[in-house]
Amino acid sequence: MLDRRTLIATLAATSALAGVRNPAGALTAQAASGEGARLTAIYDRFYDRMIDESPEFATALGLDKDARLPLKAKLDDRSPAGIRKSHQLYRDGLSELKKIDASKLSGMDLVNYETFRGPWEYFVKAYDTFGYGLHGWPEPHPVTQLSGSYRSVPDFLINQHSIANAADAEAYLARCADFAVQLDNETGRIKTDHANGVIPPDFVIDRTLGQFDRIWAPAPDAHGLTKNLATKTKDIPGDWAKRCAGIVEGRIYPAMRRQADELRAVHPRATHDAGVWRLPKGDEYYAYALRYATTTDMSAEEVHKLGLDRVADLSAQADAIFKAQGMTKGSVAERMRALGKDPRFLYPNTDEGKARLIAELNSQMQAIQARLPEAFGRLPNAKVEIRRVPVDIEDGATGGYYQIPALDGSRPGAYYINLRDTAENPSWTLPTLTYHEASPGHHHQIALAQEAEGIPRLRRLPAYSVYTEGWGLYAEQLADEMGVYEKDPWGRLGYLQSYMFRAARLVADTGLHHYKWTREKAIAYYNETLGTPEPSNITEIERYCVWPGQATSYMVGQTRWVAIREKAKAALGDKFDIRGFHDTALSAGAMPISVLASVIDRWVATQKV
């Protein structure tokens, strides 16, 4: 169950598939014959179809050159026909997997089979159950403050479309023209959704329209697409910027206004209800979203309780640190809020202050990378940088996201942090964020998967949020266990607040979509529990409203990662090797959490010998 939308919007594939030794005891693929070979061939065909049918995916992987150069002049087809074609890819893949005799598979071949067989089945089943919101991640609305080509395509073209010659520049202009077409394709889809009662909440429409106003505010020759092309073609003869400005003015801006007009037209019919329970088959849709996010059968009630229990435990730990530092008055949230306003920990909200913040984050990242051999036998070859979220989308964007490197090494991995207001990022909160997004978190895990041997190309992609985001949160705990906060109690408070934030997500997400909480109740819960700035809390809560279930994958995944590790430690005793555990779990690629458990069980069996 690949989340192509997330892949294309926020990721690009890692460096070339360099030879990397397998960790001791790791599962390996069987000889290239029989059912294992048939399975690998199925995945290779699927992978190639993904590239051929998704030009943006091809660019993200750095595979839009040479024979596939025509892909570089196109965007993904966002029309209903394009969505059906995307769905058919998974239908065909599942049909082929059903022909595999799993009893003849073992080792990594069996892991490869189990990784997609079950999820693809319930993914395809959802196509026949719901008539909306199933293009990649379960998102009920194609156009929101976090979704839609109006925000993803400019970011994609600016950050991922490479320009080395006139042909690349012509392809860029062709994509700009296609951008207007895809905006209209999406507008047609949302009109159909609106006619069928699938309407965003009023506050989502308001936030989205506000972003449209900011995006089309610049004159066409000052738009990000035009300026980006001007910069990248300064040594390529041609009137590139003028031609791009003409497309922005004559095609893109009018298509954006048509899309915004549809949102304004439906606004009177929108309610303030925040959860997907309000939509057709809404309860079923949320159950599917939870399963998609967690790859488990956990109910909304179980997820909600896990969140409440973890919040209580983490609050107690934070309280103990506050008391040790002489901060005894008020609730944990009130003390967190006071600490967040302490001038000692704030960066100036200026370009200079933001540049200093990013420089210090990069220093923290380099420091933790020097210590990675303590916990890992394998380290990624790909590099990573920390950058600022583009200004024109930062208002509605999340706190940060990770973009992995290009296949050909032309683009390093990048962790983007949202710096719309530095007050949202006091210094004591930042180290754990680096450990989550860069090292030993997302960059470490995803880059290793892409550089792994013995698994099909399809398996090297970050396909499962519960695995990848669970690892990111586990990486924060690992950094704590490595002693990074031994002389930094404030930094450890940042780590605990990060965990409280993810635990509170379980409560808020299920509250909104299962228990029918209002947006305001969820925001109040965050204000009262976390002590994070209210503007940040509002952004987060509104995120959960349009991405149901996604936020639950972090803490559910982390608890499963820890449980799997502790089971292995109990079974092996003195023979347990933390580096072997990590290398084995990461060399097998992303997978459902139950498959990860079986991988480690098999590894444990090899270590007992």
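Below, each value reflects all heavy atoms present in this structure, side chains not excepted, and no hydrogens, waters or symmetry copies.
- Looking at Asp48 and Arg457, a side-chain N of the basic residue comes within less than 4.0 Å of a carboxylate O on the acidic one, giving a salt bridge.
- Under the 6.0 Å distance and 45° angle rule, Arg291 counts as a cation-pi partner of Tyr122.
- Among all heavy-atom pairs drawn from Pro254 and Glu249, the shortest one is CD-O, 3.3 Å.
- Between Pro80 and Arg189, the closest side-chain pair of non-hydrogen atoms falls below 4.5 Å.
- Not a single donor-acceptor pair under 3.5 Å links the side chain of Ser149 to the backbone N or O of Ser152.
- Between Tyr416 and Tyr401, the ring planes are parallel. Angles under 30° get that label, and only those over 60° would be called perpendicular.
- With sequence neighbours excluded, the residues satisfying side-chain contact (heavy atoms from CB on, under 4.5 Å) with Asp213 are Trp216, Arg264.
- Taking every heavy atom of both residues into account, Phe57 and Asp76 meet most closely at N-OD1, 4.5 Å.
- Separation of the Phe116 and Phe46 ring centroids does not fall under the 6.0 Å cut-off.
- Taking the charged nitrogens against the carboxylate oxygens, Glu424 and Arg420 do have a contact shorter than 4.0 Å, which makes a salt bridge.
- In the model, His443 has no side-chain atom that pairs as donor or acceptor with a side-chain atom of Glu437 under 3.5 Å.
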| request: Take His442 and Tyr415 through the test ring-ring contact (aromatic ring centres under 6.0 Å, His included) and record every step on the way to the result. | output: CA-CA 9 Å; His442 288 324; Tyr415 155 46; 9.2 Å; no
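- For the pair Arg505 and Tyr544, the cation-pi criterion (under 6.0 Å, within 45° of the ring axis) is not fulfilled.
- Residues satisfying the ring-ring contact (aromatic ring centres under 6.0 Å, His included) criterion with His161, sequence neighbours excluded, are Tyr172.
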| query | Could you go step by step and tell me if Arg45 and Asp92 meet the salt bridge (charged side-chain N to carboxylate O under 4.0 Å, His left out) rule? | reply | CA-CA 11 Å; Arg45 288 195 298 272; Asp92 292 346; over 6 Å; no
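- Residue pairs meeting the salt bridge (Lys or Arg N to Asp or Glu O under 4.0 Å) criterion with at least one partner in residues 170-179, sequence neighbours excluded, are Glu170-Arg243.
- Looking at Asp77 and Lys85, no side-chain N of the basic residue comes within less than 4.0 Å of a carboxylate O on the acidic one, giving no salt bridge.
- Minimum interatomic distance between Pro218 and Tyr253 (heavy atoms only, all atoms of both residues): O-OH, 2.8 Å.
- The aromatic ring centres of Phe123 and Tyr292 sit less than 6.0 Å apart.
- Sequence neighbours left out, not one pair with a member in residues 280-289 passes salt bridge (Lys or Arg N to Asp or Glu O under 4.0 Å).
- Every residue meeting the side-chain contact (heavy atoms from CB on, under 4.5 Å) condition with Pro154, not counting sequence neighbours, appears here in chain and number order: Phe179, Leu225.
- Listed by chain and number, the residues in a side-chain contact (heavy atoms from CB on, under 4.5 Å) with Asp206 are His267 (sequence neighbours excluded).
- Shortest non-hydrogen contact noted between Thr532 and Asn527 is O-OD1, 4.5 Å.
- A salt bridge links Glu121 with Arg117: the distance from a Lys NZ or Arg NE/NH1/NH2 to an Asp or Glu carboxylate oxygen falls below 4.0 Å.
- Nearest heavy atom pair, residue Tyr285 against residue Gly133, reads OH-O, 2.6 Å.
- For Arg502 and Glu476, the salt-bridge test passes: some basic side-chain N is under 4.0 Å from an acidic carboxylate O.
- The number of heavy atoms from other shown groups lying within 6.0 Å of NZ (Lys74) does not exceed 12.
- Heavy atoms of other residues, nucleotides or ligands lying less than 6.0 angstrom from CZ of Arg278 number more than 12.
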